[in-house]
Amino acid sequence: MKSLFKNTAIALLLLMGVSMTAQKNNRSLDNYREPDKGGINVFEAPKDSVSTFENVKVRIGGSSTIQFQALDHENSGAVELMKIGSNFNLATANLDLDVFLYDGVRMHLRTYLSSRHHPEPYVKGGYFQIDKLDFIKEGFMEDVMKYATIKIGHMENNYGDAHFRRSDNAQAIYNPFVGNLIMDAFTTEVGAEVYYQRDGFLGMVGFTNGKLNQSVDKPDTGGASFLAKLGYDKQLNDDLRVRLTGSIYNTGRVATSYLYSADRAGSRYYLVLENSTATTAGNFRSGRYDPKLGNQITAIMFNPFVKYKGLEFFGTLESSTGKGKAELEKRTAKQYAGELIYRFGNTENFYVGGRYNKVDAEDISGSDIDISRVQLSAGWFMTRNILLKAEYVSQKYDGYATTSIFDGGKFNGLMAEAVISF
């Protein structure tokens, strides 16, 4: 009964927020990525020194997503697989709270109302974003803050560009596909990031404590992570935009690094290549690969992006090197991905696309493994806030030991997804 009241209260709060904000013509905030179609192909939050602040402004938004899955899987038979069929997956939902606190100061908080790993609500993370320092003194360092941004929080860390296009639980409107990358780099750690954006050039430096879960009763689990990004992003003319970034994430020593396993929302491909006793919530990373570089890791990612009229290309070149505490030698996992999307129709309301994704890795088992995936996708924006998409996916595993569940493993089939985001 307590859980019922809790979930009902959250739902009522969400509906009240929609009702209140719908009365206003403009729900936008300064230096803010829109949660609807307007946020597609936006990476870091835009930087503009022009302010619209008058009073504290609260924007309540959210997203809801559901998939229909029709996938088949098989392996060599060394380990019995879970029997899967065609059906709907658990609907997922996010609640977003964005608050304009002061001129140039904004807060963001995201709560997963329901996810694959946690059907109960829990907070993903949040941050303060500072674009002006007028709360110290009017005009303080305004020549610097015209181009600089500071983010502080327990937040999604800005390693690479792929995380800007991935599905974040129910927030799937930015992703032209149903699934994320095989090595899905994503983590939320306590830290700070400082940005400088000027004339198309982008620089970012950040530090975190290297921990996904925070707790004072585990004093020996401390550490630190360093991350940085350099790039160039420019709309060269009405038809052509180019962007190229390079990123690094480095952890010298932590108890556990979660760079490729921190997403507690889970994979979209439910129970593929899982054993016969698996559960949806317990085995929530189906179809992904975690190289298990558990205590030391240096990850580097390059991301080119080109958009010419309705045609766009986004690429990922990634190399991660590190080891676990018990390992004597470092291992390397490499990932390559390229996606081509063509958007067409009235205001690009339709799209078709394809992605090829491959991982080559020195696995913790000692095997040199290879995982490859092909995705073909099509989508229709019914409105700015509603997206329907369909995907064909095929994934294969090679190089695993004959005793592994992934020996001879593959899955393929169709996925359909409906997304609402506001």
Side-chain angles (χ1 to χ4, degrees), residues 64-92 114-117 119 162 165-173 175-184 186 260-261 263-290 335 337 339 341 351-359 369-380 387-400 404-419:
S64 179
T65 302
I66 191 169
Q67 308 87 38
F68 182 83
Q69 175 172 313
L71 300 178
D72 296 316
H73 64 171
E74 62 181 75
N75 65 1
S76 65
V79 179
E80 183 182 359
L81 295 177
M82 166 71 68
K83 290 182 172 59
I84 59 175
S86 301
N87 207 337
F88 289 96
N89 292 326
L90 173 73
T92 56
S114 175
S115 66
R116 175 175 172 180
H117 185 44
R165 296 170 69 91
R166 69 187 295 279
S167 296
D168 183 19
N169 197 41
Q171 174 47 284
I173 209 162
N175 189 352
F177 301 93
V178 175
N180 297 331
L181 294 179
I182 297 171
M183 279 174 50
D184 188 20
F186 167 92
Y260 299 103
S261 60
D263 179 23
R264 292 148 291 172
S267 160
R268 286 295 196 252
Y269 307 125
Y270 283 48
L271 295 176
V272 295
L273 274 296
E274 299 287 2
N275 65 50
S276 58
T277 61
T279 63
T280 294
N283 302 73
F284 59 96
R285 300 186 180 103
S286 315
R288 293 179 180 170
Y289 177 72
D290 175 12
Q335 176 168 238
E339 54 191 65
I341 310 294
Y351 69 83
V352 294
R355 174 198 281 162
Y356 179 73
N357 187 187
K358 183 176 182 180
V359 168
I369 62 95
D370 179 292
I371 307 172
S372 60
R373 179 194 293 171
V374 173
Q375 292 164 271
L376 301 175
S377 183
W380 171 33
L387 170 63
L388 298 179
K389 51 185 168 178
E391 174 188 283
Y392 170 79
V393 59
S394 176
Q395 182 163 315
K396 297 180 180 179
Y397 297 75
D398 291 303
Y400 282 89
S404 169
I405 193 171
F406 299 113
D407 179 42
K410 62 180 180 179
F411 68 86
N412 59 74
L414 298 174
M415 298 286 299
E417 184 170 60
V419 184

S.K.: Less than 4.5 Å apart, side chain to side chain, heavy atoms only: is that true for Asn275 and Glu80?
M.R.: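 Of all side-chain heavy-atom pairs linking Glu80 with Asn275, none is under 4.5 Å.
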S.K.: Run the numbers on Arg268 and Glu391 for salt bridge (Lys or Arg N to Asp or Glu O under 4.0 Å), then give the verdict.
M.R.: CA-CA 11 Å; Arg268 286 295 196 252; Glu391 174 188 283; over 6 Å; no
S.K.: Would you please test Ser76 and Asp407 for side chain to side chain donor-acceptor pair (under 3.5 Å) and show each step?
M.R.: CA-CA 6 Å; Ser76 65; Asp407 179 42; 2.9 Å; yes
S.K.: For the CZ atom of Phe68 and the CG atom of Asn87, what is their distance to the nearest 0.5 Å?
M.R.: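 Nearest 0.5 Å value for the CZ-CG distance: 6.5 Å.
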S.K.: Given side chains that start at C-beta, do those of Phe186 and Asp168 come closer than 4.5 Å, heavy atoms only?
M.R.: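 SC-SC contact between Phe186 and Asp168 confirmed.
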S.K.: For residues Ala172 and Val419, report the shortest heavy-atom separation together with the two atoms involved.
M.R.: CB-CG2, 3.9 Å
S.K.: In Å, rounded to the nearest 0.5 Å, how long is the span from CZ of Phe177 to NZ of Lys389?
M.R.: 9.5 Å
S.K.: Within the 4.5 Å heavy-atom criterion, are His73 and Leu71 side-chain neighbours or not?
M.R.: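 They are not in contact (no side-chain heavy atoms under 4.5 Å apart), so the answer is no.
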S.K.: At their closest point, which heavy atom of Tyr351 faces which heavy atom of Pro176, and how far apart are they?
M.R.: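 Minimum heavy-atom contact is OH-O, 2.9 Å.
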S.K.: Is any side-chain heavy atom of Ile182 less than 4.5 Å from a side-chain heavy atom of Gln395?
M.R.: yes
S.K.: Where do Ser86 and Gln69 land on the side-chain contact (heavy atoms from CB on, under 4.5 Å) test, with the steps shown first?
M.R.: CA-CA 6 Å; Ser86 301; Gln69 175 172 313; over 6 Å; no
S.K.: Measure across Ala418 and Leu388 and return the closest heavy-atom pair with its distance rounded to 0.1 Å.
M.R.: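 Minimum heavy-atom separation between Ala418 and Leu388: CB-CD2, 3.6 Å.
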S.K.: Do Asp184 and Arg166 make a side-chain contact, defined as non-hydrogen atoms from C-beta onward lying under 4.5 Å apart?
M.R.: yes
S.K.: Distance check, rounded to the nearest 0.5 Å: Asn283 atom CG versus Leu271 atom CG?
M.R.: 7.0 Å
S.K.: Let's go through Val178 and Val393 carefully: what are the C-alpha distance in whole Å and the side-chain angles of both, what is the deciding distance for side-chain contact (heavy atoms from CB on, under 4.5 Å) to 0.1 Å, and is it a yes or a no?
M.R.: CA-CA 9 Å; Val178 175; Val393 59; over 6 Å; no
S.K.: Please examine the side chains of Ser114 and Leu90, heavy atoms only from C-beta on, and report whether any two atoms are closer than 4.5 Å.
M.R.: yes
S.K.: With rounding to the nearest 0.5 angstrom, report the CE to OG1 distance, Met82 to Thr280.
M.R.: 7.5 Å
S.K.: Output, in order, the C-alpha distance, side-chain angles, deciding distance and verdict of side-chain contact (heavy atoms from CB on, under 4.5 Å) for Thr92 and Ile66.
M.R.: CA-CA 6 Å; Thr92 56; Ile66 191 169; over 6 Å; no
S.K.: Quick check: closest heavy atoms across Ala265 and Ser115, and the distance to 0.1 Å?
M.R.: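 That would be CA-CB, 3.9 Å.
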S.K.: Please answer whether the main-chain N or O of Ser267 pairs with a side-chain N or O of Asp263 as donor and acceptor at a distance below 3.5 Å.
M.R.: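 No, Asp263 side chain to Ser267 backbone: no donor-acceptor pair under 3.5 Å.
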S.K.: Kindly indicate, with the supporting measurements, whether the criterion side chain to side chain donor-acceptor pair (under 3.5 Å) is fulfilled by Ser167 and Asn175.
M.R.: CA-CA 6 Å; Ser167 296; Asn175 189 352; 3.1 Å; yes
S.K.: Using atom types as modelled and distance alone, determine if a side-chain donor or acceptor of Arg373 lies under 3.5 Å from a backbone N or O of Lys358.
M.R.: no
S.K.: Can you tell me how far CD1 of Ile173 sits from OG1 of Thr65, rounded to the nearest 0.5 angstrom?
M.R.: 8.5 Å
S.K.: Flag the pair Phe411 / Ser286 as yes when at least one side-chain heavy-atom distance between them is below 4.5 Å, and no otherwise.
M.R.: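 Phe411 does not reach Ser286 side chain to side chain.
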S.K.: Given Met183, which of Asp290, Val359, Ile371 fulfils the side-chain contact (heavy atoms from CB on, under 4.5 Å) condition?
M.R.: Val359
S.K.: Can you see whether Tyr260 has Arg288 sitting over its ring - NZ or CZ less than 6.0 Å from the centre and within 45° of the normal?
M.R.: no
S.K.: Using a 4.5 Å cut-off on heavy atoms from C-beta on, say whether the side chain of Tyr289 contacts that of Tyr397.
M.R.: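 A side-chain contact under 4.5 Å is absent here.
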S.K.: Can Ile405 and Leu81 be said to form a side-chain contact (heavy atoms from CB on, under 4.5 Å), step by step?
M.R.: CA-CA 8 Å; Ile405 193 171; Leu81 295 177; 3.6 Å; yes
S.K.: Mark yes or no: Arg116 above the aromatic ring of Tyr270, with NZ or CZ under 6.0 Å from the six-membered ring centre and no more than 45 degrees from the axis.
M.R.: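 Yes - Arg116 lies over the ring of Tyr270, closer than 6.0 Å to its centre and within 45° of its axis.
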S.K.: Measure centre to centre between the rings of His117 and Phe284, then say whether the value is under 6.0 Å.
M.R.: yes
S.K.: Is there a side chain to side chain donor-acceptor pair (under 3.5 Å) between Asn357 and Gln335 once you walk through the steps?
M.R.: CA-CA 7 Å; Asn357 187 187; Gln335 176 168 238; 3.3 Å; yes
S.K.: Which heavy atom of Arg165 sits nearest to which heavy atom of Ile341, and what is that distance?
M.R.: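 Taking Arg165 first and Ile341 second, the nearest heavy atoms are NH2-CG1, 4.3 Å.
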S.K.: Distance from Arg355 atom CZ to Glu339 atom CD, nearest 0.5 Å?
M.R.: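 The CZ atom of Arg355 sits 4.5 Å away from the CD atom of Glu339.
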S.K.: Do the rings of Tyr400 and Phe406 sit parallel, tilted or perpendicular, given the 30° and 60° boundaries?
M.R.: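 Tilted: the ring planes of Tyr400 and Phe406 meet at 30° to 60°.
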